[in-house]
S.K.: 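Got a structure here, written out as structure tokens. Questions coming.
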Amino acid sequence: MERATLYTWLAVLADGVAGLTGGLLSEQWLRRHLQVFVGFAAGALLTAVFLELLPEAVATQGPWAFRWAFASFMVLAVAEWMMGHHHHGTANEHHHPHHHHDFPGTQSRTLPAALLASDGLHNLGDGAAVAAAFLVSPEAGIATALAIIAHELPQEVGDYALLRAAGFSRARALIALTLVQLTAALGAGAVLLGSHLVQNLEGIVLAIASGTFLYIGATDLLPEMRSASPAEGRGQWLGVLGGLALVGGVSLLERLLGLKG
């Protein structure tokens with residue numbers, strides 16, 4: 001339990017650092033390479049769902065894991081439909097009238113306050129998923145953390161770009177995103193404490209995370225490849241293969257070393 005707690009906080013810290021990357025890198029460099037990171041996030045998320053999260057959830061919850069995963073998938077779909085935009089999307093459709101850079105992951109209709117609130121809820125779930133995964137096994141925790149960090153970069157870069165477009169200074173945008181990142185610690189702490197009170201809580205959280213990650217990867221990230229230019233599409237697919245290779249390679253290595261069945 002102590003080791004799982006330590007790993008969880010290290011993963012949350014790494015996730016928080018990834019969330020601030022947008023303000024630390026050159027905007028020109030980000031525009032040039034962000035499509036690759038989008039594909040990488042999609043590959044990592046989907047691989048983590050089917051090779052780690054969902055199998056671990058089923059092992060803990062049995063068939064009920066699929067019900068939790070399906071419920072979280074549908075809740076997220078309805079929530080995004082009601083909000084009228086895809087916060088996690090990465091489309092080239094963004095074109096803010098007061099910002100001459102087009103960053104994936106941003107929408108001109110999203111107000112900064114609503115964006116930060118949505119991001120906070122998202123990070124809360126990420127922290128909960130990481131904690132639940134490490135409670136099940138270090139291997140599941142590593143795969144989950146890698147997938148979350150891979151997704152964090154394009155998402156948070158988009159958030160940073162939107163805040164800048166809304167008139168935030170670089171320092172103010174970074175401070176706002178730093179505060180929002182703290183919600184991941186709240187989610188992780190809630191699961192670590194709740195696991196003592198609710199039986200098989202980690203299995204339920206992993207199943208919910210499976211449905212959420214499946215929705216983000218399959219309906220928000222992958223569809224963007226249909227509208228990308230040939231050059232962008234090649235970069236995205238290279239990213240997908242990279243994400244698959246990273247998370248899948250970790251899972252395969254664990255099996256070869258006999259760390260999991």
Side-chain angles (χ1 to χ4, degrees), residues 7-8 10-25 29-30 32-54 56 76 86-91 103-106 119 122-134 138-161 177 180-181 184 187-188 206 209-225 228 232-233 235-254:
Y7 290 162
T8 295
L10 290 176
V12 168
L13 177 61
D15 178 52
V17 172
L20 299 178
T21 303
L24 304 177
L25 298 176
W29 187 91
L30 289 171
R32 187 181 305 119
H33 297 91
L34 197 56
Q35 293 296 337
V36 177
F37 287 112
V38 169
F40 186 84
L45 283 175
L46 294 175
T47 305
V49 167
F50 290 110
L51 293 189
E52 294 290 347
L53 273 71
L54 197 53
E56 293 287 5
L76 188 56
H86 293 275
H87 168 59
H88 298 287
T90 58
F103 279 87
T106 63
D119 202 17
H122 165 77
N123 290 331
L124 189 75
D126 283 351
V130 167
F134 275 116
E139 299 75 38
I142 291 172
T144 303
L146 287 175
I148 288 175
I149 291 171
H151 177 233
E152 196 74 9
L153 179 59
Q155 176 200 323
E156 296 299 337
V157 166
D159 291 350
Y160 170 78
L177 292 176
V180 166
Q181 287 295 321
L206 286 182
S210 297
T212 301
F213 291 173
L214 180 60
Y215 180 87
I216 294 171
T219 72
D220 274 351
L221 298 178
L222 285 182
E224 301 304 335
M225 298 182 182
E232 290 176 335
Q236 287 177 329
W237 275 109
L238 285 175
V240 169
L241 294 176
L244 190 157
L246 176 64
V247 178
V250 169
S251 180
L252 177 62
L253 183 62
E254 294 161 0

S.K.: Work out which heavy atom in Val130 is nearest to a heavy atom in Ala11; give both atom names and the distance.
M.R.: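 Smallest heavy-atom distance, with atoms named: CG1-CB, 3.6 Å.
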
S.K.: For the residue pair Tyr7 and Phe134, categorise the inter-ring angle as parallel (less than 30°), tilted (30 to 60°) or perpendicular (more than 60°).
M.R.: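 Ring orientation of Tyr7 relative to Phe134: tilted.
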
S.K.: Ignoring hydrogens, what is the shortest heavy-atom contact between Leu46 and Ala218? Give both atom names and the distance.
M.R.: CD2-N, 4.0 Å

S.K.: Once you round to the nearest 0.5 Å, how far does OG1 of Thr219 lie from CG of Leu76?
M.R.: 7.0 Å

S.K.: If every non-hydrogen atom of Ala41 is compared with every non-hydrogen atom of His151, which pair is closest and at what distance?
M.R.: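 For Ala41 versus His151, the nearest heavy atoms are CB-CA, 3.5 Å.
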
S.K.: What I'd like to find out is whether the side chain of Val49 reaches to under 4.5 Å of the side chain of Leu45, using heavy atoms alone.
M.R.: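 Heavy-atom side-chain distance check fails, nothing below 4.5 Å.
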
S.K.: Under a 4.5 Å cut-off applied to non-hydrogen side-chain atoms, are Leu246 and Thr47 in contact?
M.R.: no

S.K.: Which of these passes side-chain contact (heavy atoms from CB on, under 4.5 Å) with Gln181: Asp15, Val12, Val17?
M.R.: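 It is Asp15; the other options fail the test.
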
S.K.: Could you give me the CA-CA distance, side-chain angles and deciding distance for Glu52 and Leu206, then say whether side chain to side chain contact (heavy atoms under 4.5 Å, CB included) is met?
M.R.: CA-CA 9 Å; Glu52 294 290 347; Leu206 286 182; over 6 Å; no

S.K.: Kindly give the heavy-atom pair with the smallest separation between Ala143 and Ala48, and that separation in Å.
M.R.: O-CB, 4.1 Å

S.K.: How close do Ala147 and Ala44 get, counting heavy atoms only, and between which atoms?
M.R.: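 Scanning both residues completely, I find the closest heavy atoms to be CB-O, 3.6 Å.
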
S.K.: Show the nearest heavy-atom pair for residues Leu51 and Gly248, with the distance to one decimal.
M.R.: CD1-CA, 3.9 Å

S.K.: Evaluate the side-chain proximity of Leu146 to Ile149: yes if any heavy-atom separation is below 4.5 Å, no if none is.
M.R.: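 When only atoms from C-beta onward are counted, Leu146 and Ile149 do not touch, as no gap falls below 4.5 Å.
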
S.K.: First locate atom CZ of Phe213, then atom CD1 of Ile148, and finally report the distance between them rounded to the nearest 0.5 Å.
M.R.: 4.0 Å

S.K.: What's the separation between atom CD1 in Ile216 and atom NE2 in His122, rounded to the nearest 0.5 Å?
M.R.: 5.5 Å

